[in-house]
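In each ligand, atom 1 is the first atom listed, and ligand 1 is the first ligand listed.
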Amino acid sequence: MQTSFTLAQLADPNIAEADRILRTCVHCGFCTATCPTYVLLGDELDSPRGRIYLIKDMLEHDRPASAEVVKHIDRCLSCLACMTTCPSGVHYMHLVDHARAHIENTYARPRVDRLLRALLARVLPNNDLLRRALAAARLGKPFAGLFAALGLKPVAAMLRLAPAQLPAKFAGSGRRLFPPSAPRRGRVALLTGCVSPVIAPAINAAAIRVLTRHGIEVVVADEGCCGSLVHHMGRAPEALSAARRQIDAWTAEIEGEGLDAILVTASGCGTTVKDYGYLLRTDETYAAKALRVSRLAKDISEYLSGLELSSERDPAGLVVAYHSACSLQHGQKIARAPKELLCKIGFVVKDVPEGHLCCGSAGTYNMLQPELARRLRERKVGNIEKLKPDVIAAGNIGCMTQIAAGTVIPVVHTVELIDWATGGPEPEALAGKRGSNAAAAPVALAK
Ligand code: SF4
Ligand code: SF4
């Protein structure tokens, strides 16, 4: 694609990068076939190619974002299916991230929209605020229909997505060390994240048990949110300060006792941590440290694939529908590892038809675009239920919450099944909430 940025514009490294990306697009339109919003809406402007044109036009003319551009970019899930399909290697993720930041800086959203976004950006990354908000949302659940009727559909969506019950808090706080219970083979950091420890602490607890059982020392040293949620809302300064906080915490570990990897159990977060090197490439103080962190970042399934797992329990042919989270299959290009792990330890794993299409979760998307998210969930759940699985497994808390809101089939994280099969407790969702989130005992460490 030809571009016509001026030399002055190209002096901005973000514009220079956008120009490089735009020039790789050859307008072929292959990406439209796998774009969930184009599949649903059939509008070229809701396809990757259409959005690329909108972004090009906005940036080349150095224009503030218009309501039209905002509408179509907001509808993009950042699922990155287009990147998997594109034969020219267009880095749509970096382009749309830049467009979202431009929108945030130049467009005045309607007041209610602004307030909602500010609320989500403040509450979701903060464990304590999120816990309190979810407790309040439980009381508000019966009024979800009323909020929808008043035109406050995002509020209704938030209330509907709030879990009916909150699990107990993940044990401990601050920097914690989980020593291996087998001869030591390695040392990793585990990202706790923001939403996951509040609504599904069993996931990280299962990851810690699997790792320590196989001789891996685990340190939880991070500062909570990785910045991914706000990054996808275009709130670049908040995202970058969250990234810097995490980088500082992990750098202290790397330069202290050393780390073999930085593990992430939420693939949406993993995609962002793996991108820290790019996000902070122009920050003289952080560029090198960010790149080092990104290179160490791994999804939990990616890391476990390199270990010889000891199978302690025969899952007796339990049928698992594996939902491949977009951030894992498209963002990190990890599609086979989780399925192979599950098969190896005795589960019967089935691929979900139309597995390339997003479930509609996409960070805050299911709250900010509830109608499209609902349609995508119904399509996803329909495809899953055709398989008649005993359980659904996914590697991202956002997808788990989104899918669980549309089906009675239990939904678990892949690592919970691996933990169970290698000697851990049965996942709560399978055991009728028997309570399985007791992690290995941590050793408290000074900051
Ligand atoms: S990221 Fe997903 S929703 Fe957005 S343009 Fe690409 S395929 Fe479509
Ligand atoms: S598939 Fe790639 S090159 Fe073709 S239109 Fe889409 S983004 Fe452009």
Side-chain angles (χ1 to χ4, degrees), residues 1-3 17-60 65 68-103 228-229 231-234 267-268 270-272 274-275 278 323-333 335 354-377 379-380 396 398-399 402:
M1 179 180 288
Q2 274 199 332
T3 57
E17 184 59 15
D19 178 58
R20 195 193 60 73
I21 298 168
L22 289 165
R23 282 172 175 266
T24 54
C25 176
V26 295
H27 327 238
C28 64
F30 287 172
C31 51
T32 55
T34 55
C35 171
T37 53
Y38 184 75
V39 169
L40 288 186
L41 303 168
D43 181 342
E44 171 75 14
L45 293 181
D46 286 314
S47 77
R49 185 171 58 181
R51 291 182 178 118
I52 287 169
Y53 276 118
L54 290 175
I55 295 169
K56 173 183 185 297
D57 186 56
M58 174 174 77
L59 296 181
E60 268 182 352
E68 181 74 354
V69 171
V70 173
K71 178 171 90 175
H72 296 291
I73 299 296
D74 278 358
R75 283 182 183 163
C76 169
L77 295 132
S78 280
C79 69
L80 310 181
C82 47
M83 283 181 63
T84 298
T85 314
C86 176
S88 293
V90 173
H91 206 305
Y92 178 82
M93 178 174 94
H94 288 160
L95 187 66
V96 81
D97 285 348
H98 179 60
R100 291 193 205 278
H102 185 82
I103 289 171
S228 179
L229 282 169
H231 176 56
H232 293 302
M233 295 169 84
S267 58
T271 307
T272 300
K274 286 183 176 183
D275 206 35
Y278 172 82
H323 164 73
S324 196
C326 296
S327 41
L328 204 50
Q329 62 167 323
H330 303 305
Q332 299 182 46
K333 305 286 179 246
E354 294 190 321
H356 60 284
L357 285 184
C358 183
C359 65
S361 166
T364 54
Y365 192 91
N366 51 3
M367 293 171 260
L368 296 172
Q369 297 285 334
E371 197 45 39
L372 286 172
R374 181 189 60 74
R375 289 172 65 186
L376 287 169
R377 176 174 58 216
R379 189 163 176 148
K380 181 64 69 184
N396 190 42
C399 310
Q402 170 78 349

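Protein heavy atom nearest atom 6 (Fe) of ligand 2, with residue, atom name and distance: Cys31 SG, 2.3 Å. Distance from atom 4 (Fe) of ligand 2 to its nearest protein heavy atom, with residue and atom name: Cys28 SG, 2.3 Å. Looking only at heavy atoms of the protein, atom 3 (S) of ligand 2 is closest to Val26 N, 3.3 Å. Atom 8 (Fe) of ligand 2 has Cys25 SG, 2.4 Å as its closest protein atom, hydrogens excluded (heavy atom only). Atom 5 (S) of ligand 2 has Gly29 N, 3.2 Å as its closest protein atom, hydrogens excluded (heavy atom only).
Across all their heavy atoms, Ser327 and Ser267 have their closest contact at OG-OG, 2.8 Å. In plain terms, the two heavy atoms of Glu44 and Thr32 that are nearest each other are OE1-CG2, 4.3 Å. Considering every non-hydrogen atom in both Thr272 and Ser228, the closest pair reads OG1-OG, 2.9 Å. The heavy-atom pair separating Leu95 from Ile21 by the smallest distance is N-CD1, 3.9 Å.
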Worksheet entry | Test log, rule side chain to side chain contact (heavy atoms under 4.5 Å, CB included), inputs His231 and Arg100 | CA-CA 9 Å; His231 176 56; Arg100 291 193 205 278; over 6 Å; no
Discussion item. Between Tyr92 and Cys76, is the side chain to side chain contact (heavy atoms under 4.5 Å, CB included) condition met? List the steps.
Written reply: CA-CA 11 Å; Tyr92 178 82; Cys76 169; 3.2 Å; yes
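Taking 4.5 Å as the limit, some side-chain heavy atom of Ile55 sits within range of a side-chain heavy atom of Ile73. Looking at Leu41 and Leu372, their side chains come closer than 4.5 Å, going by heavy atoms from C-beta outward. In this structure, His98 and Glu17 have side chains that are not in contact, with every pair of non-hydrogen atoms separated by 4.5 Å or more. Under the 4.5 Å side-chain criterion, counting only non-hydrogen atoms from C-beta, Val96 is not in contact with Arg51.
Among Gly50, Cys86, Ser47, the residue whose heavy atom sits closest to atom 2 (Fe) of ligand 2 is Cys86.
Per-residue contacts place Ser88 under 4.0 angstrom from the following atoms of ligand 2 (heavy atoms of the residue considered): 3 (S). Under a 4.0 Å criterion applied to the non-hydrogen atoms of Pro87, ligand 2 contributes the atoms 1 (S). Numbered from 1 in the order shown, with element, the atoms of ligand 2 that lie under 4.0 Å from a heavy atom of Ile52 read 7 (S). Every atom of ligand 1 is numbered from 1 in the order shown, and the set under 4.0 Å from a heavy atom of Leu77 is 3 (S), 4 (Fe). Per-residue contacts place Arg51 under 4.0 angstrom from the following atoms of ligand 1 (heavy atoms of the residue considered): 3 (S), 4 (Fe), 5 (S), 8 (Fe). Close approach to Leu80 involves these atoms of ligand 1, each under 4.0 Å from a residue heavy atom: 1 (S), 2 (Fe).
Using bins of under 30°, 30° to 60° and over 60° for the plane-to-plane angle, the ring pair His91/His94 lands in the parallel bin.
Under a 4.0 angstrom heavy-atom cut-off, Thr85 registers as lying outside contact with ligand 2. Within the 4.0 Å heavy-atom cutoff, Pro48 does not count among the residues contacting ligand 2.
With a 4.0 Å cut-off on non-hydrogen atoms, Tyr38 does not touch ligand 1 at all. Contacts with ligand 2 closer than 4.0 Å are made by no heavy atom of Met1, backbone or side chain. Heavy atoms of Ser78 found under 4.0 angstrom from ligand 1 belong exclusively to the backbone.
Among the atoms of Cys82, an N, O or S atom falls under 2.8 Å of atom 6 (Fe) of ligand 1. Among the backbone and side-chain atoms of Cys79, none of the N, O or S atoms lies under 2.8 Å from atom 4 (Fe) of ligand 1.
Residues Asp43 and His72 bring no donor and acceptor atom of their side chains to less than 3.5 Å of each other.
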